[in-house]
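As structure tokens, the structure follows; a few thoughts come after it.
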Amino acid sequence: MKFEDSRIRILVDTPLNKSGEFVLYWMTAQRRSTWNPALQHAADLAEMLNRPLLVVEPFSSDYSFASDRLVTFVVQGMLDNRKSFEELGIRYIPWVETHQERGAGLLRRMASKSCVVVIDDFPCGHPRFVLERAQKILDTRLHAVDGCGVIPMSWTDKAPPLAHTFRRVVQRRILDVILDGPKENPLESRSSVLSIPDNQYESLMESLDFEGTPLEWLWRVAEGGITGKEALNPLPIDHDVFPVVNCRGGSVEANRLLEVFINKKLAHYSDGRNNPSNCTTSRLSPWLHFGHISALEVVHRVLEKYRWDPSMSSEKVSGSRHGWWGLDEAPESFLDQIITWRDLGFHFAYHRPDYASFESIPEWAQMTLINHANDPRPSYSFQELEEAETHDEIWNAAQRELKETGVIHNYLRMLWGKRILEWAPDPVTASKWMVDLNDRWALDGRDPNSYTGIFWVLGRHDRAWGPERPVFGKVRFMSSANTARKLDLSGYLSQFGSDTSDRIEG
DNA sequence: ATCGGCTCGCGCAA
DNA sequence: TGCGCGAAGCCGAT
């Protein structure tokens with residue numbers, strides 16, 4: 001199968017609209033101008049049709065988890081994209097949905113004037129909803145392009161039950177992606193027809209009755225603080241979920257973090273990744289979630305750094321975690337994260353619409369958890385958990401980290417979940433509480449990977465492990481006491497522990 | 001400090 | 001049909 005074809009799905013199979021004025025890329029998930037197969041495909045179509053390319057980046061404020069935190073992060077990314085597309089000479093319109101106009105109406109209006117619409121394929125959350133709605137309401141030809149991860153989602157035919165299962169797919173086919181994947185710069189050396197001259201652009205926008213979101217408003221939101229808050233106030237979104245301080249969304253910041261990771265942290269990744277007080281992880285998850293950076297770019301940068309070439313990899317497809325690449329331990333274990341574990345979530349959600357519910361965990365886990373659903377347990381209300389008011393200081397610190405920074409350290413996130421399983425009234429409620437807390441507060445919530453993490457707690461992609469215990473049954477058990485023994489939590493607790501509550505100001 | 005047992009389903013070899 | 005093996009753990013024995 002040709003690489004290009006494996007990432008494209010035709011959602012509305014009508015003929016190309018020859019009287020259309022442009023090709024529209026509706027950028028709902030891969031919010032970047034590089035390593036973007038949807039942008040590449042849209043530009044290919046525009047060149048073929050001899051029409052200009054119009055890129056619209058929408059963000060919906062009309063869904064349950066839209067908040068000051070998410071809008072700020074996305075708007076910061078829009079300013080980066082605006083600059084990139086301006087330099088490339090391609091028309092780009094950022095648009096944050098308001099009361100006045102809904103996304104569906106705007107998309108329909110713009111689609112009627114375009115030859116074909118390209119949209120990001122995405123297996124869950126709001127981007128999936130937008131995609132499915134577009135398929136229902138559009139008459140214009142509609143292509144969905146999968147720029148989610150490294151291995152195209154069409155390369156599996158069912159949800160992989162274990163990482164080991166999926167790793168075989170990775171090892172069998174990753175060279176196809178590395179040698180013939182999406183381009184770093186999809187708009188490089190293109191026909192000038194893709195650009196729209198100023199005078200033509202003005203009349204086009206007038207006929208579309210559309211201006212996008214005013215630049216001045218975007219600037220105010222991106223600035224954050226009081227200015228940002230005032231700008232966001234009129235939107236019908238969750239204002240209690242405040243923007244993360246000292247955190248900037250967008251491709252520019254994502255690339256800076258990538259440089260720091262490659263040059264300073266990656267070599268110590270194996271030892272440091274589980275140390276919450278001095279973490280050597282990439283911290284890129286939120287930027288990956290919003291598509292501000294591509295996982296494929298990260299992979300290329302790692303392979304470049306270690307001067308890897310295909311002859312170093314093993315011909316044997318064992319699914320084993322170590323040794324396949326022929327690299328050191330550190331890059332190999334990071335590549336397993338960014339490829340196997342990240343893509344696993346996308347492939348799972350792609351094949352399983354119930355990816356965020358209890359029924360998505362394996363049968364042995366459902367059985368054992370239900371068998372123990374009536375075991376007595378310590379209990380907290382959802383509010384107590386959300387407010388980080390438990391007797392477990394390690395857990396409270398993790399919950400505070402989530403609320404303040406929008407992420408939880410990767411090792412403590414497992415403990416965070418295991419304790420919610422312990423404290424919620426029953427395992428089904430536990431899964432709902434984890435999803436709700438994470439969707440609301442995490443910058444990378446509502447992502448397939450968030451669900452992988454949450455449902456791993458309940459046994460997904462895991463096996464029965466250890467003796468049968470109360471509440472957990474045969475599901476892998478973790479405790480705060482052991483975590484405290486195993487990790488150096490001193491720095492973490494002084495940052496997020498309760499006795500420092502006066503550290504938060506403003 | 002390190003080691004085995006706990007436990008189960010998948011994919012592949014036979 | 002059997003076998004090897006697996007995201008991160010825990011516990012008790014040495």
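This is a predicted model, so every value here is computed, not measured. Labels below follow one simple rule: chain letters A, B, ... track the order of the sequence lines, proteins then strands, and each chain is numbered from 1. Reckoned from all heavy atoms, side chains included, excluding hydrogens, waters and symmetry mates.
The six-membered or imidazole ring of Tyr451(A) lies near that of Tyr355(A), with a centre-to-centre distance under 6.0 Å. Taking the six-membered ring for Trp, Phe455(A) and Phe358(A) have ring centres at least 6.0 Å apart.
For the pair Arg419(A) and Trp395(A), the NZ or CZ position fails the cation-pi test of under 6.0 Å to the six-membered ring centre and within 45 degrees of the ring normal. A cation-pi arrangement is present between Lys418(A) and Trp456(A), with the terminal nitrogen or guanidinium carbon under 6.0 Å from the aromatic centre and inside a 45° cone about the axis.
Ion pairing between a basic and an acidic side chain is recognised when a charged N comes within 4.0 Å of a carboxylate O; Glu386(A) and Lys403(A) show no such pairing.
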Pick out the pairs of N or O atoms, protein on one side and nucleotides 10-14 of chain C on the other, that lie under 3.5 Å.
| residue | atom | partner | partner atom | Å |
| --- | --- | --- | --- | --- |
| dC10(C) | OP1 | Ser479(A) | N | 2.9 |
| dC11(C) | OP2 | Asn482(A) | ND2 | 3.1 |

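Within residues 159-169 of chain A, the residues having any heavy atom closer than 4.0 Å to DNA chain B are, in order of number, Pro161(A), Thr165(A), Arg168(A).
Counting heavy atoms of neighbouring residues, nucleotides and ligands inside a 6.0 Å radius, atom CE of Met367(A) does not exceed 12 of them.
For dA7(C), the OP1/OP2 oxygens have no side-chain nitrogen or oxygen of Arg476(A) closer than 4.0 Å. Lys474(A) has no side-chain polar atom (N or O) that falls below the 4.0 Å cut-off from OP1 or OP2 of dC6(B). OP1 or OP2 of dC12(B) has at least one side-chain nitrogen or oxygen of Arg172(A) nearer than 4.0 Å.
Contact annotation for Glu468(A): no contact, since no heavy-atom pair falls under 4.0 Å across all strands.
Remark: side-chain polar atoms of Ser277(A) are paired, donor with acceptor, to backbone N or O of Gly491(A) under 3.5 angstrom.
When base pairs are accepted only as Watson-Crick or G-U wobble with both N-N or N-O distances under 3.5 Å, DNA chain B takes part in stems of 3 or more pairs at B:1-6 with C:9-14, B:8-13 with C:1-6.
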